2 protein chains.
Amino acid sequence: MTALKENIVPVPGQIETRLWLQLLSLHGELFASLSAMLNSEFGLSLAKFDVLAQLDRYRDGLALGQLSQNLKVTGGNVSGLVQRLLADGLISREMSSEDRRSFIVRLTPKGEALFRKAADVHKKHLGKRFENVSARELDGALSVLKSLSSKLHTETKKQSRKR
Amino acid sequence: MTALKENIVPVPGQIETRLWLQLLSLHGELFASLSAMLNSEFGLSLAKFDVLAQLDRYRDGLALGQLSQNLKVTGGNVSGLVQRLLADGLISREMSSEDRRSFIVRLTPKGEALFRKAADVHKKHLGKRFENVSARELDGALSVLKSLSSKLHTETKKQSRKR
DNA sequence: TTGACTTACTTCACATGTAAACGTATGCTA
DNA sequence: TAGCATACGTTTACATGTGAAGTAAGTCAA
């Protein structure tokens with residue numbers, strides 16, 4: 001009797017764990033393949049690509065703190081990334097005119113040109129990896145992931161202000 | 001005419017990119033929350049948890065190379081992880097009787113006890129994060145991710161284009 | 001104005017990951 | 001069986017990530 005019910009009342013957390021493992025696997029596969037491609041074709045890491053993408057979107061430049069928020073990484077991490085991108089000549093940095101603690105970083109022409117090419121190949125690469133998946137299924141998968149994200153139970157750790 | 005068709009023939013790679021970004025976002029959120037939980041409750045990183053999970057599954061122990069393969073990380077990484085887990089007293093290490101180049105690592109009783117508790121909380125944590133998602137939707141999402149993984153176009157890296 | 005926070009960024013110590021160069025042990029082949 | 005290629009693990013150099021501590025600059029109450 002209880003044995004039969006296992007089809008109906010699964011172990012709590014069981015399906016969620018499988019879902020997480022499957023998500024990990026898909027993420028790892030795509031992450032590795034995008035990393036390898038960006039690195040071999042453009043000498044870019046995914047982390048650097050993400051910074052360039054932010055700066056491409058915010059053409060007036062961003063302060064390091066904003067970059068840190070948008071990328072959801074710590075300030076210390078952004079500090080290092082920015083230093084390496086400066087050394088690569090892909091971004092420029094100037095003091096903020098309003099706040100002397102603040103720096104504004106922007107794409108250089110070289111950075112912009114590289115990002116345009118890299119973003120194009122990035123997109124085509126994903127298109128290639130998913131070429132066996134129908135447009136309908138892709139749309140469905142996108143909806144499913146959006147739905148999951150929106151329904152994620154908020155962690156009620158420490159209450160803090162939003163934005 | 002071409003403008004109207006954009007609903008039917010989207011930019012190649014566009015949907016795939018959105019799907020990737022959504023996947024990244026969900027992965028990042030869950031990864032961060034699992035990491036924080038494991039670290040604060042058990043002093044474990046997700047990387048260490050993954051090693052313990054492998055050793056829990058293979059009770060006869062694993063060689064470092066097998067660990068590296070199963071976890072899909074490099075040997076150098078496993079070397080360091082194993083050293084830290086040894087220092088934590090969570091695993092033990094002995095020479096292989098068959099191959100003197102090889103080491104076999106196993107869970108210690110302490111490691112096993114910690115992993116059992118951590119795995120249980122890990123599962124419950126995921127159950128909690130997904131508590132607003134119906135069992136039907138969870139099943140559906142799992143199917144979708146499995147399908148995507150199985151249909152991922154295999155990379156034909158070093159292979160020449162002419163077959 | 002002063003003193004106390006707060007904010008912006010850097011730096012440090014460390015964990016985790018990669019790739020490449022080693023040293024040693026195995027195993028195959030000629 | 002001698003020698004070479006391969007496999008196993010370690011080490012090194014580096015990138016990327018965190019959290020905490022430190023410095024300088026901005027803000028606000030009294």
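Just so we're clear, the structure is a prediction, and the values are computed from it rather than from any experiment. These values consider heavy atoms only, across backbone and side chains, with no hydrogens, waters or symmetry-generated copies. Here is how names work: the chains are called A, B, and so on, in the same order as the sequence lines, proteins then strands, and each is numbered from 1.
- Atoms CG (B:L24) and P (D:dG17) sit 11 Å apart, rounded to a whole Å.
- In this structure, B:L38 places its CG atom 17 Å from P of C:dA15, rounding to the nearest Å.
- With rounding to whole Å, A:L62 atom CG is found 13 Å from C:dA8 atom P.
- Checked by atom type, the side-chain pair A:E29/B:S149 shows no donor-acceptor distance below 3.5 Å.
- Residue-level contact check: A:G75 touches the bases, meaning some heavy atom is under 4.0 Å from a base atom.
- Under 4.0 angstrom from either OP1 or OP2 of C:dG17 there lies no side-chain N or O belonging to B:T74.
- Minimum atom distance to the side chain of B:R101 is reached by C:dT24, of the listed D:dG9, C:dC9, C:dT24.
- Between D:dG9, D:dG26, C:dT11, one nucleotide has an atom nearer to the side chain of B:L64 than all others, and that is D:dG9.
- Not one side-chain nitrogen or oxygen of A:R84 sits closer than 4.0 Å to the OP1 or OP2 atom of D:dC14.
- Comparing A:E98 and B:G76 along DNA chain D, the residue whose closest nucleotide (by nearest heavy atom) sits nearer the 5' end is B:G76.
- For B:F31, the CZ atom counts as loosely surrounded, since its 6.0 Å shell holds 12 or fewer non-hydrogen atoms of other residues, nucleotides or ligands.
- Ion pairing of B:D60 with B:R106 is absent here, as no side-chain N (NZ or NE/NH1/NH2) approaches a carboxylate O to less than 4.0 Å.
- Contact between the side-chain N/O atoms of A:Q83 and the OP1/OP2 oxygens of C:dC9 is not found at any separation under 4.0 Å.
- The nearest pair of heavy atoms linking B:L55 to B:L107 is CB-CG, 3.7 Å.
- Phosphate proximity of C:dA8 to A:Q66: absent, as no side-chain N or O sits under 4.0 Å from OP1 or OP2.
- Nearest to the side-chain atoms of A:L81 among the listed nucleotides C:dT10, D:dG17, D:dA24 stands D:dG17.
- Phosphate contact (OP1/OP2 of C:dT10, side-chain N/O of A:R93, threshold under 4.0 Å): present.
- A:F49 has its CZ atom 18 Å from the C1' atom of D:dA15, to the nearest Å.
- Rounded to a whole Å, the CD1 atom of B:I104 is 12 Å from the C1' atom of D:dG9.
- For the OP1/OP2 pair of C:dC9 and a distance below 4.0 Å, the side-chain nitrogens and oxygens of A:S102 include at least one atom meeting the criterion.
- Note: CG (A:L85) to C1' (D:dC14) measures 15 Å, nearest angstrom.
- Between A:R100 and D:dA24 there is no side-chain N or O to OP1 or OP2 distance below 4.0 Å.
- If you take CE of A:M95 and C1' of C:dT7, they are 18 Å apart, rounded to a whole angstrom.
- One atom, NZ of B:K72, and another, C1' of C:dA19, lie 19 Å apart when rounded to the nearest Å.
- For the pair A:H125 and A:S33, the tightest heavy-atom approach, listed with the atom from each and the gap, is NE2-OG, 2.8 Å.
- OP1 and OP2 of C:dT16 both lie 4.0 Å or more from every side-chain N or O belonging to B:N77.
- A salt bridge is defined here as a Lys NZ or Arg NE, NH1 or NH2 lying under 4.0 Å from an Asp or Glu carboxylate O, and A:D88 with A:R84 fails to meet this definition.
- Taking the nucleotide of DNA chain D with the nearest heavy atom to each of A:L46 and A:D99, the more 5' of the two is matched to A:L46.
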